[in-house]
Amino acid sequence: MKKLIEEFKAFALRGNMMDMAVGVIIGGGFTGIVTSLTDNFINPILNVVTGAQMYTLQNVMGFASKFVSDLVNFLILAFVLFVLLKAVNKLMSLGQKKEEPAAPTTKKCPYCLSEIPIEATRCPHCTSVLEEKEA
């Protein structure tokens, strides 16, 4: 059972799955903005242009406040999602060991400044004899 939980955790917290989850949640939040834009701006403008309905200043202010409210809700959703993902990434990195840099495999020739193998005693580019390593 413990192995199954570990495998599910690795599957669910993989980068691809997290990206997809973020996309679905942000997409759902953005749907609210688009719906609010059409209901509160585009449809009333079309109604006024076609003469189907006239609006008072109070109605227009109500439309604007609904749109601003939906926009603020989207921004709050995005911020909460950002903080949540930051926390998940922090938790995922706690158990990992930091990789130590690998030992250098090349050095620069002091004469021509070309990169050469660290064990070289003569530069293949300028044929200069390099200092011998002390044993």
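As a basis for the values below, the full set of heavy atoms in this structure was taken, side chains included, without hydrogen atoms, waters or symmetry mates. Being a predicted model, the structure only gives us computed values, none of them experimental.
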For this session: Decide if atom CD of Glu6 counts as having more than 12 heavy atoms of other residues, nucleotides or ligands within a radius under 6.0 Å.
Result: yes
For this session: Could you tell me the separation between the CE atom of Met61 and the NZ atom of Lys66, rounded to the nearest 0.5 Å?
Result: 13.0 Å
Problem set entry | Separation of Asn47 CG from Asn59 CG (nearest 0.5 Å) | 11.5 Å
Exercise. If only atom types and distance count, is the side chain of Thr50 paired as donor or acceptor with the main-chain N or O of Leu46 below 3.5 Å?
Worked result: yes
Problem set entry | Steps toward side chain to side chain contact (heavy atoms under 4.5 Å, CB included) verdict (Leu130, Lys107) | CA-CA 11 Å; Leu130 303 174; Lys107 63 181 177 180; 4.1 Å; yes
For this session: Identify whether Val24 and Leu84 are in the same connected component of the hydrophobic contact network (ILVMFWY, side-chain heavy atoms under 4.5 Å).
Result: no
Exercise. Are Phe79 and Val83 side-chain neighbours, meaning at least one heavy-atom pair lies under 4.5 Å?
Worked result: yes
For this session: Using modelled atom types only, decide if a donor and an acceptor are shared between the side chain of Thr38 and the backbone of Val34 within a distance under 3.5 Å.
Result: yes
For this session: Identify the two heavy atoms, one from Ile33 and one from Leu71, that lie closest to each other, and give their separation to 0.1 Å.
Result: CD1-CD1, 3.8 Å
Problem set entry | Backbone N/O of Thr127 and side chain of Arg122: donor-acceptor pair under 3.5 Å | yes
For this session: Tell me, with the steps shown, if Leu81 and Ile26 meet side chain to side chain contact (heavy atoms under 4.5 Å, CB included).
Result: CA-CA 9 Å; Leu81 193 60; Ile26 291 291; 3.8 Å; yes
Problem set entry | Interatomic spacing from NZ in Lys90 to CG in Leu85 - rounded to 0.5 Å | 15.0 Å
Exercise. Is there side-chain contact between Ile116 and Pro124, with at least one heavy-atom pair below 4.5 Å?
Worked result: yes
For this session: Return the minimal non-hydrogen interatomic distance between His125 and Glu115, and the atom names on each side.
Result: NE2-O, 3.8 Å
Problem set entry | Point-to-point distance, once rounded to the nearest 0.5 Å, from CZ of Phe30 to CG of Leu37 | 9.0 Å
Exercise. If two hydrophobic side chains count as joined below 4.5 Å and joins carry through other members, does Leu77 share a cluster with Phe82?
Worked result: no
Exercise. Should Cys109 and Cys126 count as side-chain neighbours, where that means a heavy-atom distance under 4.5 Å?
Worked result: yes
Seminar exercise, completed: Nearest heavy-atom approach of Pro104 to Ile118 is O-CD1, 3.8 Å
Seminar exercise, completed: For Tyr111 and Ser128, the nearest pair of non-hydrogen atoms, with its separation, is CD1-CB, 3.3 Å
For this session: Write out all pairs satisfying ring-ring contact (aromatic ring centres under 6.0 Å, His included) with one or both partners inside residues 37-72, taking only residues at least two apart or from two chains.
Result: Phe41-Phe67, Tyr55-Phe63
Problem set entry | Residues which pass side chain to side chain contact (heavy atoms under 4.5 Å, CB included) with Thr35, listed by chain and number, not counting sequence neighbours | Thr31, Asp39
Exercise. In terms of hydrophobic clusters joined by side-chain contacts under 4.5 Å, are Ile25 and Val88 together?
Worked result: yes
